[in-house]
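One structure is given below, encoded as structure tokens.
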Amino acid sequence: MSAAEGPLVVGVDTSTQSTKALVVDVATGRVVASGQAPHTVTSGAGRESDPRQWWDALTEALRQCGEPAHEAAAVSIGGQQHGLVTLDEHGEPVRPALLWNDVRSAPQASRLVEELGGAKAWAERTGSLPTASFTVTKWAWLAEHEPDAVRATKAVRLPHDYLTERLTGQGTTDRGDASGTGWWASATETYDEEILAHVGLDPALLPRVVRPGEVAGTVRDGHDLPFSKGTLVACGTGDNAAAALGLGVRPGTPVMSLGTSGTVYAVSRHRPADPTGTVAGFADARGDWLPLACTLNCTLAVDRVAALLGLDREAVEPGRGVTLLPFLDGERTPNLPHSSGLLHGLRHDTTGGQLLQAAYDGAVYSLLAALDLVLDEDADPSTPLLLIGGGARGTAWQQTVRRLSGRPVQVPEAKELVALGAAAQAAGLLTGEDPAAVARRWGTAEGPVLDAVERDEETLSRLAGVLSDAAPLLERAPGNG
């Protein structure tokens with residue numbers, strides 16, 4: 001037996017590129033064991049993954065956890081949002097999953113907005129304006145381009161739903177992840193049957209939405225995982241809602257996550273509905289709301305620029321006048337699915353380090369432009385911005401966020417916050433606590449605070465100007481001149 005004070009739980013983060021598992025002591029929040037295994041994602045026009053490799057990666061990650069995983073009393077899975085998983089009558093994938101960063105459904109997104117009442121109606125109805133990232137647009141794309149796959153589909157799931165169902169044998173999801181589909185009505189917290197009918201999706205193919213704190217099921221027989229039959233399974237949630245749980249975020253505290261994608265969000269008690277589409281009006285995993293803005297291009301794009309320049313990612317140099325919009329995979333915020341990277345202001349004396357700093361500036365600018373929109377009007381501007389994700393410990397990322405936000409920045413010492421949030425959710429099943437309160441008891445948000453510095457208004461203004469002036473070029477679809 002492991003030297004733990006309380007029962008053990010497992011929290012899982014099945015992300016775009018890997019699955020991570022943590023075994024956590026409920027009493028103290030101490031990570032007793034951990035494991036990780038990679039996924040593959042296609043490149044080119046689409047971004048797809050075979051869901052079965054997520055299960056294989058989960059199996060391997062839990063194997064690495066060793067004996068403590070066998071002792072777990074509950075498990076919960078946090079996962080990448082929006083991905084479309086189509087299953088046949090045997091529960092096997094009909095085709096690879098269309099991931100959140102597959103933007104081929106941009107034309108379907110525009111059509112759906114026009115056909116069902118316009119931007120304001122969609123925002124009121126679902127809390128969000130659907131973009132190419134949303135599941136509903138991916139289903140519409142699939143129906144148009146692969147009708148045989150649609151006819152073969154007997155169940156539609158999100159990535160975290162797929163793994164939870166393989167654990168329990170029951171099709172379930174939660175309000176946090178369901179709110180990112182585009183077919184969940186935020187006002188009534190039910191599936192929107194008119195939207196489903198419009199895209200030809202039978203509601204019977206969708207999972208049951210499990211309430212916060214409710215047990216989704218128990219681990220069934222016939223699997224290769226270390227869990228005992230009857231181990232409790234929480235409903236799980238999307239990765240951003242899980243990270244919010246993992247931080248124990250209270251309303252009014254802004255969070256910026258720097259990963260493959262970049263996000264800014266805050267917990268709110270008010271149901272969001274932004275008709276501009278900048279802010280997605282997601283639900284959180286507890287019963288509140290999680291207004292959020294997401295960019296497709298974050299650490300991966302900046303690292304790509306560094307690689308092209310032959311520089312270490314920290315080799316930035318200060319400089320004025322050069323602007324780089326690192327929209328290497330199209331973009332979601334701003335909504336420019338056909339865009340590519342744009343460089344402006346290059347001169348003979350521009351250095352590679354200045355170009356790299358410009359890439360950081362461009363990535364952070366897109367997130368900060370939405371920060372005030374995700375916060376409630378009465379939020380305290382002196383509250384530190386919580387900086388999380390793979391980039392959060394990078395000095396260049398930290399200093400760029402400080403300089404362009406003008407806010408104090410706190411970097412939590414806890415790692416793997418999505419998996420910790422899932423673990424807190426699992427712990428709540430055992431103790432009856434609010435999972436966010438569990439995370440606060442664990443002290444997951446504790447970490448150094450970097451003081452605020454004067455905001456770099458000149459760079460912000462220059463970025464806004466270039467983005468505005470370049471709009472016709474960035475909005476141009478491929479093949480249109």
F282 vs H82 aromatic rings, parallel, tilted or perpendicular, using cut-offs 30° and 60°? tilted

Does anything in residues 366-381 form a salt bridge (Lys or Arg N to Asp or Glu O under 4.0 Å)? List the pairs, not counting sequence neighbours. none

Going by ring pair (Phe, Tyr, Trp, His ring centres under 6.0 Å), name the pairs with one or both residues in residues 297-332, residues two or more places apart or in two chains. none

Go through W54 and L163 one step at a time and tell me if the side-chain contact (heavy atoms from CB on, under 4.5 Å) criterion holds. CA-CA 8 Å; W54 304 337; L163 292 177; 4.1 Å; yes

Identify, with sequence neighbours excluded, every residue that meets salt bridge (charged side-chain N to carboxylate O under 4.0 Å, His left out) alongside D102. R104

Can you name the residues that form a side chain to side chain contact (heavy atoms under 4.5 Å, CB included) with A234, not counting sequence neighbours? S76, Q425, L429

Contacts of type salt bridge (charged side-chain N to carboxylate O under 4.0 Å, His left out), residue E314, not counting sequence neighbours: none

Shortest non-hydrogen pair, T137 vs Q108, comes out as O-CB, 3.9 Å

For E454, look at atom CD and say whether over 12 heavy atoms of other residues, nucleotides or ligands are found less than 6.0 Å away. no

Of all residues at least two apart in sequence or in a different chain, which pass the salt bridge (charged side-chain N to carboxylate O under 4.0 Å, His left out) check with D161? none

In a table with atom names and distances, give each donor-acceptor pair under 3.5 Å that connects a side chain of residues 298-306 to protein atoms at least two apart or in another chain.
from	atom 1	to	atom 2	distance (Å)
T299	OG1	G259	O	2.8
D303	OD1	R313	NE	3.1
D303	OD2	R313	NH2	3.1

Neighbour count >12 (heavy atoms, 6.0 Å) for atom CZ, R250: no

Applying side chain to side chain donor-acceptor pair (under 3.5 Å), run through S34 and Q64 and close with a yes or a no. CA-CA 7 Å; S34 64; Q64 294 173 20; over 6 Å; no

Which residue pairs pass the salt bridge (Lys or Arg N to Asp or Glu O under 4.0 Å) test with at least one member in residues 396-406, sequence neighbours excluded? D361-R403, R403-D456

List for me each residue that meets salt bridge (charged side-chain N to carboxylate O under 4.0 Å, His left out) alongside D50, sequence neighbours excluded, and say none if there are none. R52

Any side-chain donor near an acceptor of the partner, T126 and S128, under 3.5 Å: no

side-chain contact (heavy atoms from CB on, under 4.5 Å) between T14 and I77, intermediate numbers included: CA-CA 7 Å; T14 181; I77 295 172; 4.0 Å; yes

Taking only residues at least two apart or on different chains, which pairs with a member in residues 271-285 satisfy salt bridge (Lys or Arg N to Asp or Glu O under 4.0 Å)? E124-R271, R175-D284, D284-R286

Please check if any side-chain donor atom of T237 sits under 3.5 Å from a side-chain acceptor atom of H160, or the reverse. no

Please test V24 against L8 for side-chain contact (heavy atoms from CB on, under 4.5 Å), starting from the C-alpha separation and ending with a verdict. CA-CA 6 Å; V24 181; L8 299 180; over 6 Å; no

Taking ring pair (Phe, Tyr, Trp, His ring centres under 6.0 Å) as the cut-off, I'd like each qualifying pair that reaches into residues 352-394, sequence neighbours left out, listed once. Y360-W397

Any chance the side chains of S366 and E331 put a donor and an acceptor closer than 3.5 Å? no

side-chain contact (heavy atoms from CB on, under 4.5 Å) between Y265 and M256, worked out: CA-CA 7 Å; Y265 57 83; M256 179 181 289; over 6 Å; no

Quick check: closest heavy atoms across P384 and V449, and the distance to 0.1 Å? CG-CG1, 4.4 Å

Using the side chain to side chain contact (heavy atoms under 4.5 Å, CB included) criterion, which residues pair with T131? Sequence neighbours excluded. S133, F134, R332, N335

Has R441 got a side-chain atom pairing as donor or acceptor with A27's backbone, closer than 3.5 angstrom? yes

Determine whether the side chains of E317 and T351 contain a donor N or O and an acceptor N or O closer than 3.5 Å. yes

